[in-house]
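Reviewing the structure listed below.
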Amino acid sequence: MPTLNLPFLGHGADYNPDQWRDRPDILEEDVRLMKLAGCNLMSVGIFSWTALEPEEGRYDFDWLEAVLDRLHGAGVSVFLATPSGARPAWMSQKYPEVLRVRADGLRNFHGERHNHCFTSPVYRGFVGRMNAALAGRFGHHPAVVGWHISNEYSGECHCELCQAAFRDFLKAEYGTLDALNAAWWTGFWSKTYTDWSQLRSPSPMGEGALHGLNLAWQRFCTRQTADFIRAEAAPLRRLTPDLPVTTNLMELFGQLNYFELAKELDFASYDSYPAWHTASDEWIADVAAFNYDLMRCLKQRPFALMESTPSQVNWQSVCKLKKPGMHLLSCMQALAHGADTIQYFQWRKSRGGSEKFHGAVVDHVGHEHTRTFRDVAQVGDALKKLDGVRGTMPRVDVALICDTENRWAVEDCQGPRRNLGYIPTVLEHYRALSRRGVNIDVIDSTCDFSGYRLIAAPMLYMLRPGVAGRLDAFVRNGGVLVCTAMTGRADRDDLCFLGGFPGPLRDTLGVWIEEVDALADGETQSVAFDGVEYTCSTLCDLIHAGTARVLGAYASDFYAGRPCVTRNDLGDGAAYYIATRPDADFLDAFYRAAFERAGIASLVGGLPRGVQVTRRGDALFAMNFSGGPCTVTLPEGVDALTGERVGGETPLGLYGVRVVRLP
Ligand code: GAL
């Protein structure tokens, strides 16, 4: 199977020359500027449908051919896009079935983008013909190195075509209505279905409180999007079997299960827009790193950073400029976590349209004498020096489970409080793990657990079939497992486990969760652990330690003295339970102990707050997001960016980065 396998680290942007077809001077100038900025890779034509097919069945590809020729002549490669992310008005007007229908049954008007039905045979037909035509004409163009299909797949459609497809999906999933009714516990409130035709998608006008239905619908939306991707890619794969196919994914996106979607892609690519300088950069950097680790794990391969901004975006409530140094630092962060390309949205600022004030490599002024352009050129220069990391992966002992299906279930949960905070909890654990100075994989509960020494699985409320058994085997074989409040409550259809929580993980964790107290926002309790009192929030499971050893106890309210932190030694490993959502200081202390138990060493000793380290290939990246200068203790080696010998106590300036090539 083809994959991302460029002969260089990619550097470039979304390039939208169709907006400038009446300005050949600008198109020429683009090429000069690309060379100056050290750019070698452009994503071309992402929203170009009206330019490519101005009227039904009449393709106009000559302008695109001229663009590809010009880029190739300048040594710039291309991810060629398929334009399905937005359609021409003529299509919506003549074939309204291509337009999405909302959950309340209303069909959208033409407009915006990402506004199409994934099931519509008419839309699939148009996309298939367009993609076949593009592949036929340009699939063997020497500039083209991969397919960028559509753009940020998202959303759902509730039209009658989708309802019929949903029913087919349910028949395949459950086989019989009896099985479906049992799995969804439909006897409650007389919801029993007696005919398949009674089933519809969740809607504010109808059924919204049947958790099994809600989960099935979300699974269907992922399945239908994946099916659409397969259909989009089919002509490309047929005509250009050697070109890899990707689509750009979004950060911390919960609507679609990316681990499922990624099965349709040859490599993962990702649009990263951290809101630098709008809050603590240290925290923003942790979230960015988390997303990169997730993207790398989707295919367990290097990914493309398909979009990022070279300066500011235009859609945050306040769009801060990147402060000097942040551009290089943030690009190095993506590289450190497994990106093989650094690309921006977009190459040149549009004159009009909703994103005309979004950062771009070339500003409206049109020349290279801008801070942003110099920052981009600096990254181009750095990437040339760092080519050695291309294609390499980090060695990883630690995995964090962030499971999208579990997220759907937790976010749909009614009780014991609203807003259980699954994603914030996962991120808190990511941060505590990252502070130990190690590489981290972000996986879901269907991924392979072998090969890790420690797996953190915060709030794994839903245990899909087989997951508990695999976690148990992981522990017995010597792994260290960390679980937290609200673990092991329900199966894949959100049916509660009988016989005591955490359900099938009860023996593994050696605890029984009898009750759970919910805390209001801002309310805290205390936990005593290793002689220190910490605070905790959100949820307090009241547990009984069976075979587990008690390592920490609640220190407040009526449950003071009851176990809160436990460890169950099992086989060659250990399973920890943290019965609440503890503060960051607790997690630091806790993971220090858990890492010792797992025999995991940090990449560097004594990491200052706000400094991230990762190792990729033979390069150790040390990145300063602390907001001030600091000193870090590095191993002996050569700084690949500056050529200096480094080692021992090394100063890192504000937003500084060192990439130490280890011998
Ligand atoms: C992305 C999108 C791009 C552009 C960008 C602006 O989500 O794929 O087309 O809109 O945001 O930040």
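Each ligand, and each atom within it, is numbered from 1 in the order the structure gives. When reading the values below, keep in mind they use all heavy atoms of this one structure, side chains included, and skip hydrogens, waters and symmetry mates.
Contact shell of ligand 1 (protein heavy atoms, cutoff 4.0 Å): Phe47, Arg113, Asn151, Glu152, Asn248, Asp271, Tyr273, Glu307, Trp315, Phe345, Glu355, His358.
Between Glu260 and Arg219 there is no salt bridge, since no side-chain N of the basic residue sits under 4.0 Å from a carboxylate O of the acidic one.
Remark: the Tyr153 side chain and the Glu264 side chain contain no N/O donor-acceptor pair separated by less than 3.5 Å. No side-chain donor-acceptor contact under 3.5 Å links Trp90 and Thr50.
At a threshold of 4.5 Å between non-hydrogen side-chain atoms, the residues Val442 and Phe290 count as touching. With contacts defined as side-chain heavy-atom distances shorter than 4.5 Å, the pair Thr247/Trp147 does not qualify. No side-chain heavy atom of Tyr270 sits less than 4.5 Å from a side-chain heavy atom of Met250.
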